[in-house]
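Numbered from 1 within each chain, the chains take letters A, B, ... in sequence-line order. Values below: every heavy atom of this structure, side chains too, minus hydrogens, waters and symmetry copies.
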Amino acid sequence: MIGDITGNRRTPAMAYWLFKTEPDTYSIDDLRQEQRCGWEGIRNYQARNRLRDEVKKGDQVFIYHSSCKVPAIVGLAEVVRDAYPDPTQFDPEAPYYDPKSDPDAPRWLRVDVAYRRHFPHPVTLRDIKADPTLAGMELVNRSRLSIQHVDDDIASRLLKRLG
DNA sequence: GCCAACGTTGGC
DNA sequence: GCCAACGTTGGC
């Protein structure tokens, strides 16, 4: 099965995603240093639902730097743990604290990702917009969504360009 | 720093 | 459940 009427992915095959991060907060370099991290701070229901329903261990993740000088896809990571409650929602000290989240029914989730590599040739948002074969990406028309699906054919085209 | 696009909130 | 007001994101 390829999907259901909601568009949710059902196939067990590996999928590609694009996760956005602001490098001033957490960059691909930080991930390389840590090797593995919890992808915390997702506070948007659509993104949360994707983490819950579609993002699975083994999926590949393009790391995208946003809100910075040169927004670009800069590296690759891999999902190493399926979604589980994001502990930062219950931490009053954390920037992602959500006092309305009930510990018995956590509202927000995170997955764990592991560092894979930096790309020798980052693909900038400018590049993507300029390439008709890439311009259909969610990055262009649904830029606010922090967990984006990347089609297999687009993923392979990106991987070729990224080196 | 501006501002357009988008998501969330809350009064009705 | 609508929708105006408000808050946030993110490219430029």
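Straight-line distance from the CD atom of Glu138(A) to the C1' atom of dT9(C): 16 Å, rounded to whole Å. Atom pair Arg43(A):CZ and dT9(B):P shows a separation of 13 Å (rounding to whole Å applied). Between the CG atom of Asp24(A) and the P atom of dT9(C) there is a distance of 14 Å, given to the nearest Å. Between the CG atom of Leu145(A) and the P atom of dT9(C) there is a distance of 13 Å, rounded to whole Å. The distance from atom CG of Leu139(A) to atom P of dC12(C) is 10 Å, rounded to the nearest whole Å. Note: CZ (Phe19(A)) to P (dT9(C)) measures 17 Å, nearest angstrom. Atoms CG (Leu125(A)) and P (dT9(C)) sit 18 Å apart, rounded to a whole Å. Put simply, CZ on Arg107(A) is 7 Å from P on dT9(B), counting in whole angstrom units.
Within 4.0 Å of Lys69(A), counting heavy atoms only, lies no atom of the nucleic acid at all. Residue-level contact check: Ser143(A) touches the backbone only, with heavy atoms under 4.0 Å from sugar-phosphate atoms and none from bases.
A perpendicular orientation is assigned to the rings of Trp39(A) and Tyr26(A), their planes being inclined by more than 60° (bins at 30° and 60°). The aromatic rings of Trp17(A) and His149(A) sit perpendicular, their planes meeting at an angle over 60°, well past the 30° parallel limit.
Contact annotation: Lys100(A) side-chain N/O to dT9(B) OP1/OP2 distance is under 4.0 Å. Taking only side-chain nitrogens and oxygens, Tyr64(A) comes nearer than 4.0 Å to OP1 or OP2 of dG11(C).
For the pair Asp98(A) and Arg107(A), the salt-bridge criterion is met [side-chain N within less than 4.0 Å of a carboxylate O].
One side chain, Arg110(A) or Tyr84(A), offers a donor N or O that lies under 3.5 Å from an acceptor on the other.
Side-chain proximity of Arg144(A) to dT8(B), dG11(C), dA5(B): nearest is dA5(B).
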